[in-house]
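Written out below as structure tokens is the structure these notes cover.
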Amino acid sequence: QVQLVESAGGLVQSGGSLRLSCAASGGTFSRATMAWFRQAPGKEREFVAAINWGGDSTYYADSVKGRFTISRDNAKNTVYLQMNSLKPEDTATYYCAARAGRWLLTTSTMYSYWGQGTQVTVSS
């Protein structure tokens with residue numbers, strides 16, 4: 001059973017930066033596709049970014065492309081989300097997710113394992 005634990009989020013001003021991390025345990029992390037999703041109050045959970053096993057292939061939602069960077073360190077069983085130029089509309093609970101397949105999928109139901117979520121609030 002894979003367990004995912006996100007780092008604490010936080011409150012940041014518009015234009016600021018924040019880095020989230022997600023530590024995995026209990027599975028073969030290096031063979032998992034990892035992703036970040038987010039969910040704002042009253043909205044559906046949405047895809048943010050995904051990264052493949054080797055870390056050499058990534059995919060981003062249009063809303064974060066050029067501002068967010070997903071990366072991973074397989075030696076530390078950790079995936080990161082560097083968020084720059086944050087906007088108030090980035091405010092949400094951010095979730096780390098994992099799946100065993102190789103494809104960078106954007107549908108939340110295709111991910112088997114989830115973290116507990118961490119709150120990111122961007123003030124204007």
Side-chain angles (χ1 to χ4, degrees):
Q1 182 75 7
V2 175
Q3 292 185 326
L4 303 174
V5 179
E6 295 106 339
S7 61
L11 172 65
V12 62
Q13 289 188 335
S14 181
S17 298
L18 192 64
R19 189 176 81 157
L20 303 179
S21 63
C22 171
S25 62
T28 309
F29 176 80
S30 62
R31 303 299 289 175
T33 293
M34 302 297 297
W36 289 93
F37 287 78
R38 67 186 182 186
Q39 187 167 18
K43 295 187 177 181
E44 292 187 354
R45 191 168 298 188
E46 66 173 358
F47 171 79
V48 175
I51 188 167
N52 71 337
W53 300 342
D56 57 349
S57 181
T58 57
Y59 187 73
Y60 296 92
D62 287 343
S63 59
V64 306
K65 198 173 296 182
R67 299 188 299 120
F68 290 12
T69 302
I70 188 171
S71 62
R72 66 191 295 164
D73 185 339
N74 287 341
K76 297 182 178 180
N77 287 355
T78 301
V79 62
Y80 304 95
L81 185 67
Q82 177 67 44
M83 304 183 291
N84 298 329
S85 302
L86 283 161
K87 305 175 182 180
E89 51 263 45
D90 294 317
T91 295
T93 299
Y94 282 72
Y95 297 90
C96 172
R99 62 183 304 272
R102 60 180 292 183
W103 304 109
L104 305 182
L105 302 180
T106 63
T107 304
S108 60
T109 54
M110 300 305 294
Y111 288 81
S112 303
Y113 305 101
W114 292 85
Q116 80 284 359
T118 187
Q119 179 66 36
V120 172
T121 302
V122 184
S123 63
S124 58

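From a predicted model like this one, the values you see are computed outputs, not experimental measurements.
- If you take OH on Y111 and OG1 on T33, they are separated by 6.0 Å, rounding to the nearest 0.5 Å.
- Applying the disulfide (SG to SG under 2.5 Å) rule to pairs touching residues 36-76 yields nothing, sequence neighbours excluded.
- Looking at residues two or more places apart in sequence or on another chain, you find a side chain to side chain donor-acceptor pair (under 3.5 Å) between K65 and D62.
- Y59 and W53 fall into different hydrophobic clusters, where Ile, Leu, Val, Met, Phe, Trp and Tyr side chains are chained together by heavy-atom contacts under 4.5 Å.
- Taken from CZ in R19 to OG1 in T69, the straight-line distance is 11.5 Å, to the nearest 0.5 Å.
- At distances below 3.5 Å, at least one donor-acceptor pair connects side-chain atoms of T118 with backbone N or O atoms of S7.
- No continuous path of hydrophobic side-chain contacts links Y60 to F47 [ILVMFWY only; heavy atoms under 4.5 Å].
- Side-chain atoms of N74 never come within 3.5 Å of backbone atoms of N77 as a donor-acceptor pair (strictly under, hydrogens ignored).
- Of the inter-residue distances, the one linking T93 atom OG1 with Q39 atom CD reads 7.0 Å to the nearest 0.5 angstrom.
- Between W36 and L81, the closest heavy-atom pair is NE1-CB, 3.5 Å.
- Listed by chain and residue number, Q3 satisfy the side chain to side chain contact (heavy atoms under 4.5 Å, CB included) test with S25 (two or more places apart in sequence, or in another chain).
- Annotation: the span from S71 atom OG to M34 atom CE amounts to 11.5 Å, rounded to 0.5 Å.
- Note: F37 and W114 have tilted aromatic rings, judged against thresholds of 30 and 60 degrees for the angle between ring planes.
- Here the CZ atom belonging to R31 is positioned 8.5 Å from the OG1 atom belonging to T28, to the nearest 0.5 angstrom.
- Every pair tested for disulfide (SG to SG under 2.5 Å) that includes a residue from residues 43-74 fails, sequence neighbours excluded, so the list is empty.
- Here the CZ atom belonging to F68 is positioned 9.0 Å from the CG atom belonging to L18, to the nearest 0.5 angstrom.
- Proximity of L20 to E6: side-chain heavy atoms (C-beta onward) are nowhere separated by under 4.5 Å.
- Under the 4.5 Å side-chain heavy-atom criterion for grouping Ile, Leu, Val, Met, Phe, Trp and Tyr, V79 is not connected to Y95 through any hydrophobic cluster.
- Here side chain to side chain donor-acceptor pair (under 3.5 Å) pairs that include residues 78-92, with residues two or more places apart or in two chains, are S17-N84, R38-D90, R67-D90, Q82-N84.
- M83 and V64 fall within a single hydrophobic cluster, where Ile, Leu, Val, Met, Phe, Trp and Tyr side chains are chained together by heavy-atom contacts under 4.5 Å.
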Pairs under 3.5 angstrom only: tabulate donor-acceptor contacts from the side chains of residues 96-109 to other protein residues two or more places apart or in another chain.
residue: R99; atom: NE; partner: M110; partner atom: O; Å: 3.2
residue: R99; atom: NH1; partner: W103; partner atom: O; Å: 3.2

